[in-house]
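Keep in mind that what you see is a predicted model, and the values were worked out from it rather than measured.
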Amino acid sequence: MQDEMQEKIDVRIIVSGLDVAQLVSKAVNDIRLEDDYNIVVSSIIPTVDLSIVKKVSNGADILLIGGYGHDETYNILFNELKTDFNHIGLFDYNNIFVEDESIDFKLAGKEILNSIIKSTLSYSLNLINIHSLENKLMQITHNYNNLLDDYNQVNKEQEVCNRENYQLREEIKEMKSDFEAFKTRYEDIYSKDILEIFSLESLWADVFHEDFADEQRIVVATDKFRPENIIVGQGFIGAESRQKAIEWLNIVRTALIFVDNNEDDLKKELNPKVEVESVDDDEDYDIPDTFENFWD
């Protein structure tokens, strides 16, 4: 049962003619190759025609080529039929003739067996090489599959990177657009006068050495005369520089002092028929639209 499960070695024998083929067939039956050695002679090919031999011998494990030593016929067939998956041996006619130059089938059987044994040994060595190549191929295939998995993973990661890269490029475009709009809006910012902000109370005390108590009148005066690059409000004054702020406060302070000192006279000049009434400190004081009357 175990022998039947073993893979049999397929041998095919190429001979020069039908008469030799008949003798070889008798010799093969006599030596019982399949029973004793698990070898099957599946074909005896009675021709040396290359095209026929190629068709019939295709797939054989071992090919025996009949010839008188390694003659021209043997060499031609060997070169045409040898592959990495078979082995070719010589079935030497010189070893099957007796003294009267007739063929002895017993000698033929012995020569067949010896040729198969020689070929089998070489074939076994060839199989070892084939198995080694198969192992290498399996390892290469394994490595290839691993590399293929890595490649597929890298492809997926690259797709993610491509999407992220696209999003970043879109964000960069949007940022560039925003920047261009910002630059257009503020491209003349360096040509504009930038105002510095100072505390009215602190600046007034530093310059005039007195308490600051009338922000509203300064705001009203500044709003009415609208000096260039001067703003006042919420306890602060904005100007191009501290010196410019001080200059404006000097003007306003002088004007307010003048108004306070000449309040009654100014009212008489503006409306002599109206009796001059005193102004309470708590009442709102309206500053004229021009300072011309203040210092002319």
Side-chain angles (χ1 to χ4, degrees), residues 157-296:
E157 293 175 358
Q158 185 179 13
E159 290 176 1
V160 173
C161 289
N162 286 342
R163 288 195 295 270
E164 293 178 351
N165 188 35
Y166 175 78
Q167 293 174 356
L168 288 173
R169 287 200 301 268
E170 291 301 310
E171 291 177 6
I172 290 173
K173 287 180 182 178
E174 185 176 351
M175 291 174 66
K176 284 183 177 180
S177 177
D178 291 344
F179 175 74
E180 289 299 326
F182 176 84
K183 189 169 65 172
T184 300
R185 182 180 300 175
Y186 297 104
E187 61 184 353
D188 60 341
I189 190 170
Y190 294 107
S191 63
K192 293 183 178 180
D193 295 325
I194 306 301
L195 303 183
E196 296 185 59
I197 305 299
F198 307 95
S199 168
L200 265 175
E201 184 176 357
S202 298
L203 190 60
W204 191 278
D206 289 344
V207 174
F208 305 121
H209 306 291
E210 61 186 25
D211 293 336
F212 176 69
D214 204 352
E215 176 185 350
Q216 183 61 31
R217 298 174 71 188
I218 298 175
V219 171
V220 171
T222 304
D223 286 345
K224 287 191 174 183
F225 288 94
R226 300 185 181 279
E228 186 177 358
N229 295 325
I230 297 289
I231 57 174
V232 176
Q234 298 182 356
F236 296 93
I237 179 170
E240 292 179 344
S241 66
R242 189 173 187 273
Q243 183 60 38
K244 292 290 185 181
I246 293 172
E247 289 175 1
W248 176 247
L249 291 181
N250 271 314
I251 294 172
V252 173
R253 182 172 179 271
T254 301
L256 291 178
I257 291 173
F258 182 83
V259 169
D260 289 342
N261 292 338
N262 299 277
E263 179 180 354
D264 293 339
D265 293 340
L266 287 172
K267 286 187 176 182
K268 288 179 180 179
E269 291 180 8
L270 294 172
N271 193 355
K273 295 180 180 180
V274 178
E275 182 180 354
V276 177
E277 297 178 356
S278 61
V279 180
D280 294 336
D281 292 339
D282 294 335
E283 293 180 356
D284 291 339
Y285 187 82
D286 189 16
I287 300 176
D289 290 342
T290 175
F291 283 161
E292 293 177 359
N293 294 329
F294 296 167
W295 44 73
D296 284 348

Inset, instruction - Starting at CD of E215, measure out to CG of L200 and round the result to the nearest 0.5 Å. - result: 5.5 Å
Legend entry - Side chains of K176 and I172 in contact at under 4.5 Å (non-hydrogen atoms): yes
Inset, instruction - Could you grab the distance from atom CD1 of I230 to atom CD1 of I251, nearest 0.5 Å is fine? - result: 8.5 Å
Inset, instruction - With rounding to the nearest 0.5 Å, note down the distance linking CD in Q234 to CD1 in I197. - result: 10.5 Å
Legend entry - Heavy atoms from other residues, nucleotides or ligands near CZ of R169 exceed 12 (cutoff 6.0 Å): yes
Inset, instruction - Write down the atom of L256, the atom of R217, and the distance for their closest heavy-atom approach. - result: CD2-NH2, 3.6 Å
Legend entry - For E174, salt bridge (Lys or Arg N to Asp or Glu O under 4.0 Å) partners two or more places apart: none
Inset, instruction - Taking the side chain as every heavy atom from C-beta outward, state whether F198 and W204 have any atom pair closer than 4.5 Å. - result: no
Legend entry - Contact summary for L203 and A245, nearest pair of heavy atoms: CD2-CB, 3.8 Å
Inset, instruction - Would you confirm whether N165, through its side chain, and C161, through its main-chain N or O, come within 3.5 Å as a donor-acceptor pair? - result: no
Inset, instruction - Kindly write out the residues that satisfy salt bridge (Lys or Arg N to Asp or Glu O under 4.0 Å) with E170, not counting sequence neighbours, or none if the list is empty. - result: K173
Legend entry - Atom CD of E201 with >12 non-hydrogen neighbours under 6.0 angstrom: no
Legend entry - For F236, ring pair (Phe, Tyr, Trp, His ring centres under 6.0 Å) partners two or more places apart: none
Legend entry - Results of side chain to side chain contact (heavy atoms under 4.5 Å, CB included) for E171 - residues two or more places apart only: L168
Legend entry - Side-chain heavy-atom pair I237, L249 within 4.5 angstrom cut-off: yes
Inset, instruction - Side-chain contact test, heavy atoms from C-beta onward, threshold under 4.5 Å: evaluate it for N229 versus K244 and give yes or no. - result: no
Inset, instruction - Please report the closest heavy-atom contact between N250 and T254, naming both atoms and the distance. - result: O-OG1, 2.7 Å
Legend entry - side-chain hydrogen bond (donor to acceptor under 3.5 Å, both in side chains) against E159, all qualifying residues, sequence neighbours excluded: none
Inset, instruction - Using salt bridge (Lys or Arg N to Asp or Glu O under 4.0 Å) as the criterion, list what pairs up with D206, not counting sequence neighbours. - result: R242
Inset, instruction - Drop me the distance from E180's CD to M175's CE, to the nearest 0.5 angstrom. - result: 12.5 Å
